[in-house]
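Computed from a predicted structure; not experimentally measured. Numbers restart at 1 for each chain; the letters A, B, ... are given by sequence-line order, proteins then strands.
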Amino acid sequence: MLQKSLSGRSLNNSITSDDILGKEVIDKDGGFIGVVEKVLIDPSLLEFIGISVDKGFLRRGLSIGKNYIDKVAEHAIFLKIPVAYEIRGKIVFDRDGKEVGVVSGIDLYGEYNRIKNLIVKPYSLFPLVKEIEIPYSYVREVGDNVMLNVAKSVLEKGK
Amino acid sequence: MEIDSIIKKEAGFDKTIGLRNLLRKKVLSKGGKVVGSVCEIRISPRSGSLEGVMVSRGPFQKTLYIGRSYFSHLSNDSVILNIEPSLLLMSSLVVTFEGKVIGRVCEVSRKGESNEIDFITARKLFSKFTISNSGIKSIGKSIILRQGYHVTKESFWKKSE
């Protein structure tokens, strides 16, 4: 339907919330993060500031700032970053490939997508075993799992 | 254990690892994916140096032979590779530049026996798509294609569109 415009500029190339809502969100590594459920707008500046992502049943949602959005494509929203929270549940291996534990939590720099420390639950027969905090500088590679650049003995000394 | 060494220019005993220790140890990709476990170690009969390992991936998977140029680190606990083996891309999602999922990888064709991809084949229901290496933008949890890449579609009732 043809509409009249009172914006002072051409709005032909703009997109609407309908173009964003319900789309899949894909991170830099090609991981499917969830579905956009809200478009976030600053009430005073009336500017688009980000999106809220529904990650599925019983999973906490996630808000992503617009600076982390790469593009709004026809079928999905692509991010510029691998989402830091996606590291949870990955197995941590030391420099020699020895299993250290599983990432149970992360410590971020403020609300940025930068990890300060990994909280790792060591493999143990005892359920109440103390978690280890591993500085992110010890991480060599993050892929399907997490590879460290130090030996497990170094982490045990730092406990 | 105290031992006497008879060596010339070779690395000392403490700088080597026993081949027997490597057997049944995990093989990890660069990003920590468990590829399988070492089931055999192959050495060159001429030079006596390690040439590669056979990796067992489970009862219904083909055994892999990985050459030593793809090793990053050997230890008494595992063999760590310097690659993500392209054969492990099987069943990864293939996504276009516009974010449309076109299917899952059902075949990975490599350049010779190297880890370099020549083309991949993805499948969705009754359609098959062939994607050459030049059409791939990034490989991670899924495979994202380049902008404007035209995917060749094959349907079972109509070969190559």
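- Within residues 35-46 of chain A, no residue has a heavy atom under 4.5 Å from a heavy atom of chain B.
- Within residues 76-84 of chain A, the residues having any heavy atom closer than 4.5 Å to a heavy atom of chain B are A:Ala76, A:Phe78, listed by residue number.
- A pairwise comparison of heavy atoms in A:Lys28 and B:Ser138 identifies O-OG, 4.5 Å as the closest pair.
- In this structure, the portions of A:Glu74 lying under 4.5 Å from any heavy atom of chain B include both its backbone and its side chain.
- Hydrophobic clustering keeps B:Val105 apart from B:Val101 (ILVMFWY residues linked when any side-chain heavy atoms are closer than 4.5 Å, directly or through intermediates).
- Here the closest heavy-atom approach between residue B:Ser142 and residue A:Gly31 is recorded as OG-N, 4.4 Å.
- Hydrophobic clustering, with ILVMFWY side chains joined whenever heavy atoms are under 4.5 angstrom apart, keeps B:Leu22 apart from B:Met54.
- Annotation: the span from A:Glu99 atom CD to B:Leu28 atom CG amounts to 8.5 Å, rounded to 0.5 Å.
- The two residues A:Glu141 and B:Lys30 come nearest to each other via the heavy atoms CG-O, 3.3 Å.
- Under a hydrophobic clustering in which Ile, Leu, Val, Met, Phe, Trp and Tyr are joined whenever their side-chain heavy atoms come within less than 4.5 Å, directly or via other members, B:Ile17 and B:Phe13 fall into different clusters.
- Counted within 6.0 Å of CD on B:Glu10, heavy atoms from surrounding residues, nucleotides or ligands total more than 12; the atom is thus considered enclosed.
- No more than 12 heavy atoms of other residues, nucleotides or ligands lie within 6.0 Å of OH in A:Tyr112, so this atom counts as exposed by the packing criterion.
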(message) Please evaluate residues A:Asp27 and B:Lys141 with respect to the criterion side chain to side chain contact (heavy atoms under 4.5 Å, CB included), reporting the C-alpha separation (whole Å), side-chain torsions for both, the decisive distance (0.1 Å), and the verdict.
(response) CA-CA 9 Å; A:Asp27 76 0; B:Lys141 286 175 202 153; 3.8 Å; yes
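- To the nearest 0.5 Å, atom NZ of residue B:Lys33 and atom CE of residue A:Met147 are 14.0 Å apart.
- Of the two parts of B:Val79, neither the backbone nor the side chain holds a non-hydrogen atom closer than 4.5 Å to a non-hydrogen atom of chain A.
- In the hydrophobic clustering of this structure, A:Val102 does not group with A:Val100; members are Ile, Leu, Val, Met, Phe, Trp, Tyr whose side-chain heavy atoms approach within less than 4.5 Å, directly or through other members.
- For chain A, no part of B:Leu74 is nearby; none of its heavy atoms comes within less than 4.5 Å.
- The 12-atom threshold is exceeded at OH of A:Tyr68, counting heavy atoms of other residues, nucleotides or ligands nearer than 6.0 Å.
- Tracing side-chain contacts under 4.5 Å through hydrophobic residues (I, L, V, M, F, W, Y), one reaches B:Val55 starting from B:Leu19; they form part of the same cluster.
- In terms of heavy-atom pairs under 4.5 angstrom with chain A, the leader among B:Gly140, B:Ser78, B:Ser29 is B:Ser78.
- Only the side chain of A:Lys71 comes within contact range of chain B, with at least one heavy atom under 4.5 Å from a heavy atom of that chain.
- Taking every heavy atom of both residues into account, A:Arg140 and B:Ile80 meet most closely at NH2-CG2, 3.8 Å.
- Between chain B and the options A:Asp96, A:Ile91, A:Asp94, A:Val92, heavy-atom pairs under 4.5 Å are most frequent for A:Asp96.
- With respect to chain A, the highest number of heavy-atom pairs below 4.5 Å among B:Lys25, B:Glu84, B:His73 belongs to B:His73.
- Residue A:Lys98 places its NZ atom among 12 or fewer non-hydrogen atoms of other residues, nucleotides or ligands, all under 6.0 Å distant.
- No more than 12 heavy atoms of other residues, nucleotides or ligands lie within 6.0 Å of CZ in B:Arg42, so this atom counts as exposed by the packing criterion.
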